[in-house]
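Every chain is numbered from 1, with letters handed out A, B, ... down the list of sequences. Note that the coordinates shown come from a computational prediction; the quantities given were computed from them, not determined experimentally. FYI, side chains are in, hydrogens and waters are out, and symmetry mates aren't considered; it's all heavy atoms of this structure.
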Amino acid sequence: MSAEETFEKELTANDVGETNSHQAGIHIPKSQKDLLAFLPELDPSVKNPDAWLVATDDAGIEWKFRYIYYNNKYHSDRGTRDEYRITHMTKALRALGASAGDTLSIAGVPRSGKIRIKIRRDDEPETRDTSASVETPQPVRVKLAGWRKVH
DNA sequence: AGCCATGCACCG
DNA sequence: CGGTGCATGGCT
């Protein structure tokens with residue numbers, strides 16, 4: 001049987017759309033070969049190949065995420081992108097109450113295209129204010145290391 | 001309004 | 001300089 005694997009990533013402000021960027025998704029560090037192997041295969045010879053994922057949260061709700069490989073760096077003259085991304089997560093992240101600094105867990109059987117997502121907020125010391133006293137325009141640049149695999 | 005695709009900024 | 005976060009413009 002293909003055992004399930006779990007990955008986690010600390011969400012950045014940009015990932016959750018807290019920085020005015022309509023990214024609608026998160027970024028995936030290329031260093032995470034395991035995660036890339038866990039996700040569906042994308043053909044590098046094709047420009048911006050994509051695949052759809054089906055994610056289920058704790059509430060049993062199913063979300064559809066778009067897993068893309070932006071590689072115009074190798075397919076366009078002045079392309080600069082060479083990265084993986086998962087988009088279409090805005091609604092899901094909102095429903096899960098995700099915010100920058102939270103940890104997103106992804107579990108599932110490798111290559112199945114189906115995952116289970118979960119939000120874990122342990123890196124939050126006291127950032128619980130309900131934007132009532134958000135006068136501090138803190139440079140919310142999260143310095144994260146990316147994903148980590150949990151065997 | 002939300003997403004796609006891409007460029008730029010910043011940091012190690 | 002590569003990789004990742006941030007941001008923008010255009011298209012749907």
### Backbone of A:K47 reached by a side-chain donor or acceptor of A:N72 within 3.5 Å
no
### Message
Below the 4.0 Å mark, does B:dT6 have OP1 or OP2 next to a side-chain nitrogen or oxygen of A:N48?
### Response
yes
### Query
Quick one: A:I26 CD1 to C:dG5 C1', roughly how many Å, whole number?
13 Å
### Task
Could you state the atom-to-atom distance from OH of A:Y70 to P of B:dT6 in whole Å?
8 Å
### Query
Across the strands shown, which category fits A:G25 at heavy-atom distances under 4.0 angstrom: base, sugar-phosphate, nothing?
nothing
### Message
Any donor-acceptor pair, under 3.5 Å, between the side chain of A:R85 and the base of B:dT6, if you only look at N and O atoms?
### Response
yes
### Task
Specify the separation, in whole Å, of atom CD of A:Q23 and atom P of C:dG9.
13 Å
If you look only at distance, which donor and acceptor atoms sit under 3.5 Å apart when one is on a side chain in residues 85-92 of chain A and the other is two or more places apart or in another chain?
from: A:R85; atom 1: NH1; to: A:Q23; atom 2: OE1; distance (Å): 3.4
from: A:R85; atom 1: NH1; to: A:E83; atom 2: OE2; distance (Å): 2.6
from: A:R85; atom 1: NH2; to: A:Q23; atom 2: OE1; distance (Å): 2.7

### Task
Figure out the NZ/P separation between A:K30 and C:dT4, and round it to whole Å.
7 Å
### Query
Counting side-chain heavy atoms from CB outward, which of C:dG5, B:dC4, C:dG3 is closest to A:K9?
C:dG5
### Task
May I ask you to verify whether the side chain of A:E83 and the base of B:dA5 hold a donor-acceptor pair under 3.5 Å?
no
### Message
Measuring from the side chain of A:H27 (C-beta onward, heavy atoms only), which nucleotide among B:dG7, C:dG5, B:dA5 has the closest atom?
### Response
C:dG5
### Query
Does the pair A:Y69 and A:D43 meet the rule for a side chain to side chain donor-acceptor pair (under 3.5 Å), with working shown?
CA-CA 9 Å; A:Y69 176 33; A:D43 191 347; over 6 Å; no
### Task
Compare side-chain N and O positions of A:R66 against OP1 and OP2 of B:dC4 and report whether any pair is under 4.0 Å apart.
yes
### Query
Should A:D102 and A:R120 be marked as a salt bridge (Lys or Arg N to Asp or Glu O under 4.0 Å) after you check the CA-CA gap, both sets of side-chain angles, and the distance that decides it?
CA-CA 6 Å; A:D102 288 354; A:R120 184 192 204 180; over 6 Å; no
### Message
Please classify the nucleic acid contact of A:S76 as base, sugar-phosphate, or nothing, using heavy-atom distances under 4.0 Å.
### Response
nothing
### Task
Please state how far atom CG in A:L36 lies from atom C1' in C:dG3, giving the value in whole angstrom units.
13 Å
#### Entry: Whole-Å gap separating P (B:dT6) and OH (A:Y69)
13 Å
#### Entry: Pair A:K9-A:T103, side chain to side chain donor-acceptor pair (under 3.5 Å): steps then yes or no
CA-CA 5 Å; A:K9 189 212 180 185; A:T103 298; over 6 Å; no
### Task
Please report, rounded to the nearest Å, how far the P atom of B:dT6 is from the CG atom of A:N71.
9 Å
### Query
Base, sugar-phosphate, or nothing for A:K47, non-hydrogen atoms under 4.0 angstrom?
sugar-phosphate
### Query
What is the nucleic acid contact for A:T87, judged by heavy atoms within less than 4.0 Å: base, sugar-phosphate only, or nothing?
sugar-phosphate
### Query
What is the distance, rounded to the nearest whole Å, between atom NE2 of A:H88 and atom C1' of B:dA5?
12 Å
